[in-house]
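Please read the structure below before turning to the comments.
We count ligands from 1, going down the list as the structure has it; atoms in each ligand are counted the same way. Positions are given from 1, in the same order as the sequence printed here. Keep in mind that what you see is a predicted model, and the values were worked out from it rather than measured.
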Amino acid sequence: MEAIKRTKIVDLLKSDAFGSTVNVKGWVRTRRGSKQVSFIALNDGSTINNIQIVVDVEKLGDDYLKPITTGASLSVNGTLVQSQGKGQSVEIQATEIEIYGTADPNTYPLQKKGHSMEFLREIAHLRPRTNTFGAVFRIRHNMAYAIHKFFHDRGFYYFHTPLITASDCEGAGQMFQVTTLNLADIKKDESGAVIYDNDFFGKQASLTVSGQLEGELAATALGAIYTFGPTFRAENSNTPRHLAEFWMIEPEVAFNDIYDNMELAEEFIKYCVQWALDNCFDDIKFLNDMFDKELIARLQGVLQGSFVRLAYTDGIKILEDAVAAGHKFEFPVYWGVDLASEHERYLVEEHFKRPVILTDYPKEIKAFYMKQNEDGKTVRAMDVLFPKIGEIIGGSEREADYDKLLTRIQELNIPMKDMWWYLDTRRYGTVPHSGFGLGFERLLLFVTGMANIRDVIPFPRTPKNAEF
Ligand code: 4AD
Ligand code: MG
């Protein structure tokens with residue numbers, strides 16, 4: 001076959017170099033046609049759109065074309081021409097086709113018919129080849145890029161926090177332990193506690209649930225930082241919004257109070273949504289048309305107007321009024337309760353019809369590091385609540401006062417041996433500072449309109465599932 005430099009389909013579809021000889025490589029989506037002419041829809045992952053290859057059956061031979069079935073991989077030389085057919089502007093009249101690999105129609109699972117999302121999860125090694133997952137993973141890449149660009153353009157430094165750690169940032173006890181101890185022969189002391197002296201790190205270590213504490217060390221030196229990395233939580237919640245391994249973005253900014261923090265969160269999330277609309281429109285349009293006819297409207301909706309800012313106490317009042325008026329929630333509502341996603345979504349979708357930033361939560365349901373309010377009952381927490389998702393961001397202003405922070409750590413029985421370095425930020429040159437964490441997959445759920453968080457990460461890790 002004549003060697004011609006390959007062009008990606010995304011570029012060919014924009015080209016008007018009609019009559020030129022081109023090479024394209026990709027995977028067959030479909031092949032149809034007659035005795036005289038065969039039409040191959042070819043995709044190379046560079047766009048949701050396929051390019052149509054028109055083949056003169058007589059010229060290439062019927063037998064040669066037979067193995068060109070859905071999933072087969074090809075290299076095609078041909079002439080770029082203006083398309084006669086509907087639905088595409090250019091196509092390629094093939095002169096030569098090389099078949100790299102076939103895909104036996106009797107066993108290749110991704111035939112033309114639509115598959116359930118559950119089935120596709122079972123073949124997560126192949127699902128990137130579908131239109132849907134191609135779209136989702138292209139959007140995922142673009143969102144990651146937008147996030148780095150947003151922070152870089154605003155003078156934030158990307159700071160790498162450790163994945164293996166000895167501190168439980170959120171204090172929720174949802175950590176995966178990291179050990180090289182022989183599990184069949186664990187040594188314990190008289191009280192029955194495991195002896196870690198001979199473990200790899202010489203103490204109990206785990207996978208991080210958040211990079212925040214180390215992020216605060218960096219923010220109180222570099223001014224403004226963000227982390228963006230894998231995060232692990234052994235929470236046994238099999239929901240469409242929880243993963244055991246997810247990615248989190250955590251900005252942390254010295255001298256920001258909670259109001260600055262809210263502004264940053266709102267600007268950040270709007271920037272990401274706008275970026276998706278501007279840069280991933282073909283993929284979003286596909287997802288909108290195939291799965292969720294309100295997706296584009298919902299994305300445009302959050303860009304309009306500002307997010308509601310509401311104190312937890314006022315939010316509870318609204319929910320209690322709703323209950324009094326006959327609205328049924330599965331879980332009870334009262335001051336002090338950790339809101340369930342049905343409550344969060346009621347505020348956003350039914351009551352305000354806009355994203356809500358809920359602030360000043362009861363200290364008992366929030367982490368030790370949050371700034372304590374004068375009332376002695378609440379802390380300067382802020383959760384950003386989104387339509388269809390519920391909590392998409394969790395953050396706070398941090399307690400900057402050494403004594404108050406220490407008292408809270410002691411009240412919660414957090415071992416000091418894990419915290420001495422964190423407390424040093426408050427001992428030396430302490431400053432007001434704030435930050436938050438955005439769940440990357442929660443953002444992707446919103447932007448793609450997918451219904452299940454397992455479908456916006458290539459290889460989901462959930463209870464009883466670590467395949468691939
Ligand atoms: O609210 P969280 O637990 O807050 C923190 O970890 C803070 N240290 C963040 C900070 O202030 N720097 O988690 C933050 C976000 C949540 O709002 C949610 O979007 C996401 O992380 N998240 C999860 N996403 C997927 N699966 C899980 N199991 C998640 N847990 C939290
Ligand atoms: Mg939270």
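Looking at K388 and E349, no side-chain N of the basic residue comes within less than 4.0 Å of a carboxylate O on the acidic one, giving no salt bridge. Salt bridge absent: K371 and D401 never bring a charged side-chain N and a carboxylate O closer than 4.0 Å. Contact check on R345 versus E342 returns no salt bridge, with no Lys/Arg side-chain nitrogen under 4.0 Å from an Asp/Glu carboxylate oxygen.
Given atom 17 (O) of ligand 1, the protein heavy atom at minimum distance is E391 OE2, 2.6 Å. In terms of protein heavy-atom proximity, atom 15 (C) of ligand 1 is nearest to G437 O, 3.5 Å. Annotation: atom 18 (C) of ligand 1 to nearest protein heavy atom, R442 NH1, 3.5 Å. Atom 3 (O) of ligand 1 has R233 NH1, 2.7 Å as its closest protein atom, hydrogens excluded (heavy atom only). The single protein non-hydrogen atom nearest to atom 21 (O) of ligand 1 is M248 SD, 3.4 Å, given as residue, atom name and distance. Of the protein's heavy atoms, Q212 OE1, 3.2 Å lies nearest to atom 10 (C) of ligand 1.
Between I147 and C272 there is a side-chain heavy-atom pair separated by less than 4.5 Å.
In this structure a side-chain-to-backbone donor-acceptor pair under 3.5 Å is missing from E250 to F228.
Contact atoms of ligand 1 toward G439: 15 (C), 19 (O), 20 (C), 21 (O) (distance under 4.0 Å to a heavy atom of the residue). In summary, the atoms of ligand 1 found under 4.0 Å from a heavy atom of R398, numbered by their order in the structure, are 10 (C), 11 (O), 12 (N). Near G394, with a cut-off below 4.0 Å to any heavy atom, the atoms of ligand 1 are 1 (O), 9 (C), 10 (C), 11 (O), 17 (O). Listed by number with element, the atoms of ligand 1 under 4.0 angstrom from any heavy atom of G395 are 11 (O). The distance from ligand 1 to the heavy atoms of E250 drops below 4.0 Å at these ligand atoms: 7 (C), 8 (N), 9 (C), 10 (C), 12 (N). Residue-ligand proximity, R241 to ligand 1, at heavy-atom distances under 4.0 Å covers atoms 25 (C), 26 (N). Interface atoms of ligand 1 facing Y369, defined by a heavy-atom separation under 4.0 Å, are 7 (C), 8 (N).
A donor atom on one side chain and an acceptor atom on the other are found under 3.5 Å apart for N43 and N50. A donor-acceptor contact closer than 3.5 angstrom links the side chains of S167 and T165. For T180 and D199, the side-chain atoms include at least one donor-acceptor pair closer than 3.5 Å.
Polar contact check, I392 against ligand 1: a nitrogen or oxygen pair lies under 3.5 Å apart. Taking only nitrogen or oxygen atoms, main chain and side chain alike, S210 reaches within less than 3.5 Å of ligand 1. Below 3.5 Å of separation, one finds an N or O of L243 facing an N or O of ligand 1. In terms of polar-atom proximity, defined here as any N/O pair under 3.5 Å, E170 does make such a contact with ligand 1.
For residues 211-224, the set of pairs meeting the side chain to side chain donor-acceptor pair (under 3.5 Å) definition, not counting sequence neighbours, comprises Q212-E216, Q212-Y369, E216-Y422, E216-R426, E216-H433.
Figure legend: K203 and Y196 shown without cation-pi pairing, the cationic atom not lying both under 6.0 angstrom from the six-membered ring centre and within 45 degrees of its axis. For the pair R154 and Y271, the cation sits on the ring face: its NZ or CZ lies under 6.0 Å from the ring centre, inside 45° of the axis. K377 forms a cation-pi arrangement with W335, by the criterion of a distance under 6.0 Å to the ring centre and an angle within 45° of the ring axis.
Under the side chain to side chain contact (heavy atoms under 4.5 Å, CB included) criterion, L217 pairs with W421, T425, sequence neighbours left out. Residues forming a side chain to side chain contact (heavy atoms under 4.5 Å, CB included) with E122 (at least two apart in sequence, or on another chain): F119.
Distances from atom 22 (N) of ligand 1 to the heavy atoms of F246, F436, W247 show the closest one on F246.
Counting heavy atoms under 4.0 Å from ligand 1, residue D383 does not touch it at all. At a heavy-atom distance under 4.0 Å, only side-chain atoms of E235, from C-beta outward, approach ligand 1.
For the Mg ion (ligand 2), protein N, O or S atoms under 2.8 Å: 1 in total.
E441 pairs with exactly one of R461, R140, R454, R241 by the salt bridge (Lys or Arg N to Asp or Glu O under 4.0 Å) rule, that one being R140.
For the pair E441 and ligand 1, no heavy-atom separation below 4.0 Å is found.
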**OP:** In sequence, state the C-alpha distance, the side-chain angles, and the governing distance for V136 and M450, and then conclude on side chain to side chain contact (heavy atoms under 4.5 Å, CB included).
**Re:** CA-CA 9 Å; V136 168; M450 291 283 104; 4.0 Å; yes
